[in-house]
Q: 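This structure is in structure tokens; I'll ask about it shortly.
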2 protein chains.
Amino acid sequence: MDIVKRGAAALGAIGTVQKKSAATRERVLDAAARIFREHGYAATTLNDIADAAGLKTASLYYHFGSKEELVEEVLRIGTTLVLEAVKSRLAQLPADASFRDRLKVAVHAHLDTLLSLTDYTSADIRIIGQVPADVRARVWPLREEYGEIWQGLLQFGKQTGAVRTGADLGLMRMLILGTLNYATEWYKPGRKPVSAVAEEATAMILGGIGTAP
Amino acid sequence: MDIVKRGAAALGAIGTVQKKSAATRERVLDAAARIFREHGYAATTLNDIADAAGLKTASLYYHFGSKEELVEEVLRIGTTLVLEAVKSRLAQLPADASFRDRLKVAVHAHLDTLLSLTDYTSADIRIIGQVPADVRARVWPLREEYGEIWQGLLQFGKQTGAVRTGADLGLMRMLILGTLNYATEWYKPGRKPVSAVAEEATAMILGGIGTAP
DNA sequence: GTCTATATAAGGATAGAC
DNA sequence: GTCTATCCTTATATAGAC
């Protein structure tokens, strides 16, 4: 099974025999990611999560110290999954790959992780603005690490002349990630494949919506 | 005072002498928009809103039947403000204005309303995915009305040859609005003027991030 | 119109049995 | 590890005085 598809397990001890505890913990995390993603942080109750994971509310406390601790773990997994996906897909490119090739690959990997693989990254994107400030502060460094991958990519584009000189790369990065992340709000699986969204997004980011030069 | 700046009042009886009731109602709405925007729907309590508006929780029920009714009004005002802003700015253009001019004006109007004028539209964008499903269903037609303005704009672009033929305009519209709407998540007033964000966004949407042809 | 007082329900979290 | 039972707090909403 694809490493990324395994969700929470992907960040755990892969290949080892899992204890019952670890398996339950993973079921709880999977349920939490899905429900947080759907209803938001505050509207999701520990009871909802426990029900979906097949145990009682009080039992959650054996695995997590609090609701905040649980959501923090979901956020961490969500960011890690997309970070690893983009990083590894970029690493597979030949060393002399162009900026356009790199950007295309990064866009596809980001959208695949966000829209089709698991609920963790979409939960992350959708609720990061709703969680208590101290939770957000704790996961922030990890998010910045991800941002730096994109920042580096844009810098490479600028150096190779593929990106407008004089542009504010930080602002550009936020616009690009906004284009991609907002897809969690409107994308409905089944109508269009994720790849179609990724191709249209790549086209717009690289050349705009106008007629190609 | 600018009509748009007046927020809730802009949708009320402008120019007439306001009753005390209407003035209080507006204070409540202003407070609600700000706090919903900051903390999300579920995490915002009626007590928070009442405090900010300078009255007791129970008194809110004189003006609104429930929390749902209150948030629905905030959402309606938020969508109406951006819809009217974009519509009126487009109407001010000369009849023979190009697609590029029209798109630029629409982007600026959208971002101005979203990022600097009031809290209503940003609250709308940030919490629409968190409110109870029946509230969302009731305000949906109004949101679609706004979407149609953009859809018409893109169709005009296609007809005049400014937009790639063969493109899925619905998908394109979602990508563009995503680029703009996601700015509510990261934009911090003070660093960059909204106009700088609007110009960079316009440039990317029209011609991509690359070197201009 | 706004207040105080209160009904009612639900959520996060803990204690202790099994 | 998971359960039942329960504590404590807070939320929406209503009743009725002023």
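Values below: all heavy atoms of this structure, side chains included; hydrogens, waters and symmetry mates excluded. Just so we're on the same page: letters track the sequence lines, and every chain starts at 1.
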Q: Check this for me: B:K67, atom NZ, are more than 12 non-hydrogen atoms of other residues, nucleotides or ligands nearer than 6.0 Å?
A: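 More than 12 within 6.0 Å, yes.
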Q: According to a strict under-4.0 Å criterion, is A:K67 in side-chain N/O contact with OP1 or OP2 of C:dG12?
A: yes
Q: Determine whether more than 12 heavy atoms belonging to other residues, nucleotides or ligands lie under 6.0 Å from atom CZ of A:R100.
A: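 No - once you tally the heavy atoms of other residues, nucleotides and ligands closer than 6.0 Å, there are 12 at most.
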Q: Counting side-chain heavy atoms from CB outward, which of C:dT2, C:dT4, D:dG1 is closest to B:L55?
A: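 From the listed options, C:dT2 comes nearest.
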Q: So B:S66, base contact, sugar-phosphate only, or nothing? Heavy-atom distance under 4.0 Å.
A: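 B:S66: backbone/sugar contact only, no base atoms under 4.0 Å.
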Q: Mind listing the N/O atom pairs, protein and nucleotides 15-18 of chain C, below 3.5 Å?
A:
none

Q: If you round to the nearest 0.5 Å, how far is CG of B:L103 from NE2 of B:H108?
A: 9.5 Å
Q: What integer distance in Å separates B:F64:CZ from D:dT12:P?
A: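 It is 15 Å, rounded to the nearest whole Å.
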Q: Quick one: which of A:R76, A:R143, A:R37 gives a side-chain hydrogen bond (donor to acceptor under 3.5 Å, both in side chains) with A:D124?
A: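 Testing each of A:R76, A:R143, A:R37 against A:D124, the sole residue satisfying side-chain hydrogen bond (donor to acceptor under 3.5 Å, both in side chains) is A:R143.
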Q: Among residues 33-52 of chain A, which residues get a heavy atom nearer than 4.0 Å to DNA chain D?
A: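 Contacting residues: none.
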Q: When the distance from CG of A:L60 to P of D:dT4 is rounded to whole Å, what number comes out?
A: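 Nearest whole value for this atom pair: 13 Å.
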Q: Any donor-acceptor pair under 3.5 Å linking the side-chain atoms of B:W150 with those of B:Y146?
A: yes
Q: Go through it in stages, so that I can follow the logic: the residues are A:D48 and A:T45, the test is side chain to side chain donor-acceptor pair (under 3.5 Å), and I'd like the CA-CA distance, side-chain angles, deciding distance and then a yes or no.
A: CA-CA 5 Å; A:D48 295 337; A:T45 70; 3.2 Å; yes
Q: On the six-membered ring of B:F36, is B:R126 placed so that its NZ or CZ lies under 6.0 angstrom from the centre and within 45° of the ring axis?
A: no
Q: Ignoring backbone atoms, establish whether A:T24 has a side-chain N or O less than 4.0 Å from OP1 or OP2 of D:dT2.
A: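 For A:T24, the contact criterion (side-chain N or O under 4.0 Å from OP1 or OP2 of D:dT2) is met.
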Q: Check the distance between D:dG1's P and A:E26's CD and give it to me in whole angstrom.
A: 15 Å
Q: Rounding to an integer number of Å, can you tell me how far B:K56 NZ sits from C:dG1 P?
A: 20 Å
Q: Do any side-chain nitrogens or oxygens of A:S59 fall under 4.0 Å of OP1 or OP2 in D:dC3?
A: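 Yes, within the criterion.
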Q: Using a heavy-atom cut-off of 4.0 Å across all strands, would you classify B:S21 as base, sugar-phosphate, or nothing?
A: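 Result for B:S21 = sugar-phosphate.
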Q: Output yes when at least one side-chain N/O atom of A:Y61 is less than 4.0 Å from OP1 or OP2 of C:dA13, else no.
A: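 For C:dA13, OP1/OP2 do have a side-chain N/O of A:Y61 under 4.0 Å.
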Q: Work out which heavy atom in A:E68 is nearest to a heavy atom in A:P132; give both atom names and the distance.
A: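 So the minimum-distance heavy-atom pair works out to OE2-CG, 3.5 Å.
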Q: Given the side-chain rings of A:Y41 and B:H39, with only the six-membered ring counted for Trp, is the space between their centroids under 6.0 Å?
A: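 No - the distance between ring centres of A:Y41 and B:H39 does not fall below the 6.0 Å cut-off.
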